[in-house]
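Keep in mind that what you see is a predicted model, and the values were worked out from it rather than measured. Counting starts at 1 for both ligands and their atoms, following the listed order.
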Amino acid sequence: LEGSELAKAIKKGDRRALSKGITLVENSGNGAAGLLRMIRPQSKAFVLGITGPPGTGKSSLVDRLIGVYRSKGLKVGVVAVDPTSPITGGALLGDRVRMLAHSQDSGVFIRSMASRGWSGGLSRATSQVVRLLEAAGFDIILLETVGIGQSDIEVVGVSHAVIVVLMPGLGDDVQVSKAGLMEVGDVYVVNKADLDGADAMAVNLIGVMKGSKSRFPAVIKVSARTGEGIASLEAAIETIRLKFDEGHDDLRLKSLKGMILETARGNILERLGHVSDTKLETLARSVHTGRLTVEEAAAKLAA
Ligand SMILES: Nc1nc2c(ncn2[C@@H]2O[C@H](COP(=O)(O)OP(=O)(O)OP(=O)(O)O)[C@@H](O)[C@H]2O)c(=O)[nH]1
Ligand SMILES: [Mg+2]
């Protein structure tokens with residue numbers, strides 16, 4: 001299948017075609033532009049970003065949320081952006097996908113994307129994969145990414161709502177605030193509430209939130225293990241999803257702004273990644289001899 005045939009099959013919800021489309025996007029970046037034009041969907045799917053430090057239970061919560069939405073009859077797509085290195089990656093990636101109990105359900109589509117090896121185009125690729133899932137008729141798209149650094153967190157910029165998953169014992173919030181996690185969440189989850197320290201963590205977070213005058217994200221204690229608090233989390237997400245369903249354009253525009261920005265950023269970074277060392281050296285020599293300033297050289301490089 002190629003071109004318009006592939007697009008048609010994806011829109012019919014053909015899973016193999018969807019996989020093929022995703023691979024195309026992953027392999028050829030903007031080379032998939034034609035396909036993305038042909039599948040151009042109405043923005044109907046609700047995209048929920050799930051981020052947080054490593055090991056806080058994001059995948060376990062994704063698993064819970066799949067259950068929640070499947071019981072409502074909604075089709076759920078999952079994109080897990082995995083920071084695992086390509087060297088050890090293969091096996092681990094497989095394990096994580098298998099970990100999800102829903103991988104045999106035809107109303108669920110799970111895809112892992114390795115975050116290594118992208119010269120800045122990760123968010124762009126993620127946004128493209130999200131659009132393919134949307135075209136294939138998924139109602140909810142869960143986008144899991146480990147929030148370690150700025151580029152991981154930028155990935156959730158394409159979401160309509162963002163859940164930041166934390167857990168007891170993260171220590172002071174330095175790690176969390178440094179990564180920019182305190183700015184991106186619509187809902188803050190203290191997962192592993194079955195362990196000690198969840199209350200203290202939640203109180204701490206609420207204190208931090210009160211410091212900000214413009215944002216009032218919810219703070220919810222849950223346990224992906226026992227199911228405690230999952231209903232509250234669901235309710236908090238539903239509040240946002242209802243606004244979305246009622247056609248409030250601001251959430252859609254916010255997500256589209258994220259997609260456009262991340263796509264442009266990806267294009268620029270990719271172009272910079274392809275800069276030849278010869279060209280760079282020529283520019284460096286010009287700066288060295290005083291013919292150009294660094295700023296002028298940078299402008300030439302990015303042109
Ligand atoms: N006690 C307890 N353990 C949990 C809970 N949720 C997840 N875990 C455990 O925490 C570990 C990490 O869970 P994951 O769901 O893989 O966490 P993650 O945030 O997706 O991890 P990465 O994707 O590697 O960053 C696993 O051993 C889970 O069994 C919980 O609510 N309580
Ligand atoms: Mg995970």
Side-chain angles (χ1 to χ4, degrees), residues 47-69 76-103 108-116 118 122-123 126 129-130 140-156 159 162-171 173 175-176 178-182 184-185 187-202 205 218-234 236-237:
V47 184
L48 185 60
I50 294 149
T51 189
T56 53
K58 297 174 294 297
S59 298
S60 309
L61 276 173
V62 163
D63 211 21
R64 286 275 178 185
L65 290 173
I66 293 173
V68 164
Y69 294 117
V76 186
V78 179
V79 183
V81 178
D82 204 297
T84 323
S85 86
I87 300 153
T88 59
L92 264 178
L93 225 60
D95 284 345
R96 290 188 188 196
V97 173
R98 267 194 301 281
M99 199 178 78
L100 296 160
H102 301 273
S103 54
V108 178
F109 186 94
I110 298 166
R111 180 76 172 223
S112 285
M113 288 172 68
S115 69
R116 293 280 174 89
W118 291 90
L122 176 66
S123 301
T126 310
V129 171
V130 162
I140 305 263
I141 296 162
L142 305 175
L143 181 56
E144 176 188 337
T145 167
V146 182
I148 312 176
Q150 200 61 48
S151 65
D152 304 290
I153 293 170
E154 275 159 9
V155 170
V156 294
S159 314
V162 176
I163 301 179
V164 174
V165 183
L166 305 170
M167 67 180 184
L170 280 179
D173 300 331
Q175 187 195 3
V176 172
K178 214 171 67 187
L181 285 169
M182 291 318 289
V184 296
V187 177
Y188 285 78
V189 161
V190 180
N191 186 37
K192 310 198 187 184
D194 54 294
L195 303 179
D196 285 343
D199 285 316
M201 180 87 199
L205 269 174
V219 175
I220 300 170
K221 279 184 297 170
V222 312
S223 168
R225 178 160 293 171
T226 67
E228 174 197 344
I230 298 294
S232 307
L233 174 59
E234 183 193 345
I237 300 168

Participant: List for me each residue that meets side-chain contact (heavy atoms from CB on, under 4.5 Å) alongside Thr226, sequence neighbours excluded, and say none if there are none.
Facilitator: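 With neighbours one apart ignored, the set is Asp194, Ser223, Glu228.
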
Participant: Less than 4.5 Å apart, any side-chain heavy atom of Pro53 and any of Leu166?
Facilitator: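 When only atoms from C-beta onward are counted, Leu166 and Pro53 do touch, with a gap below 4.5 Å.
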
Participant: Report yes if some heavy atom in the side chain of Ile237 is under 4.5 Å from a heavy atom in the side chain of Leu65; otherwise report no.
Facilitator: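 Of all side-chain heavy-atom pairs linking Leu65 with Ile237, at least one is under 4.5 Å.
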
Participant: Does Tyr188 reach the main-chain N or O of Ala202 with its side chain, forming a donor-acceptor pair under 3.5 Å?
Facilitator: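 Flag not set: sc Tyr188 to bb Ala202 has no pair under 3.5 Å.
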
Participant: Under 4.0 Å from ligand 1, counting heavy atoms only, is it the side chain of Thr56, its backbone, both or neither?
Facilitator: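 Looking at Thr56 and ligand 1, atoms from backbone and side chain both fall under 4.0 Å.
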
Participant: Distance under 4.0 Å to a non-hydrogen atom of Val146: what atoms of ligand 1 satisfy this?
Facilitator: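 Listed by number with element: 25 (O).
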
Participant: Could you tell me which atoms of ligand 1, counted from 1 in the order shown, lie closer than 4.0 angstrom to a heavy atom of Ser59?
Facilitator: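 Going through ligand 1 atom by atom, the ones under 4.0 Å from Ser59 are 15 (O), 18 (P), 20 (O).
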
Participant: Answer whether the closest heavy-atom distance between the side chains of Leu233 and Ile163 falls below 4.5 Å.
Facilitator: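 Yes, side chains in contact.
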
Participant: With a 4.0 Å heavy-atom cut-off (strictly under), which part of Val165 contacts ligand 1: side chain, backbone, both or neither?
Facilitator: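 Val165 to ligand 1: no contact under 4.0 Å from either part.
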
Participant: Can you name the residues that form a side-chain contact (heavy atoms from CB on, under 4.5 Å) with Ala198, not counting sequence neighbours?
Facilitator: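 Only Pro168, Val190, Ala193, Lys221 meet the side-chain contact (heavy atoms from CB on, under 4.5 Å) criterion with Ala198.
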
Participant: Is there a polar contact, in the sense of an N or O pair closer than 3.5 Å, between Gly55 and ligand 1?
Facilitator: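 Indeed, backbone or side chain, Gly55 has an N or O that close.
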
Participant: Could you check whether any side-chain N or O of Thr51 sits under 3.5 Å from a backbone N or O of Thr145, counting only pairs where one atom can act as donor and the other as acceptor?
Facilitator: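 Checking the backbone N and O of Thr145 against the side chain of Thr51, a donor-acceptor pair under 3.5 Å is found.
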
Participant: Taking 4.0 angstrom as the limit and counting only heavy atoms of Glu144, give me the atoms of ligand 1 inside it, by number and element.
Facilitator: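 Under 4.0 Å from Glu144, ligand 1 has these atoms: 20 (O), 23 (O).
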
Participant: Say whether, by atom type as modelled, one donor and one acceptor occur between the side chain of Asn191 and the main chain of Val165 under 3.5 angstrom.
Facilitator: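 Checked: no pair found.
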
Participant: Could you say whether the N/O atoms of Pro53 and ligand 1 ever approach to under 3.5 Å?
Facilitator: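 Looking only at distances, the answer is no, because the N/O contact criterion of under 3.5 Å is not met.
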
Participant: Would you say Leu195 has any N or O atom under 3.5 Å from an N or O of ligand 1, going by distance alone?
Facilitator: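 N/O-N/O distance below 3.5 Å does not exist for this pair.
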
Participant: Is Ser59 close enough to the Mg ion (ligand 2) that one of its N, O or S atoms comes in under 2.8 Å?
Facilitator: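 Here the distance criterion (N, O or S atom, under 2.8 Å) is met by Ser59, so yes.
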
Participant: Measure from the Mg ion (ligand 2) to every N/O/S atom of Glu144 and report the name of the nearest one.
Facilitator: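 In Glu144, the heteroatom (N, O or S) nearest the Mg ion (ligand 2) is OE2.
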
Participant: Which of the numbered atoms in ligand 1 are below 4.0 angstrom from a heavy atom of Ser60?
Facilitator: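 Once the distances to Ser60 are compared, the set is 6 (N), 7 (C), 13 (O), 14 (P), 15 (O).
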
Participant: Please work out, at 4.0 Å between heavy atoms, whether the side chain, the backbone, both, or neither of Thr226 comes within that distance of ligand 1.
Facilitator: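 The answer is neither.
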
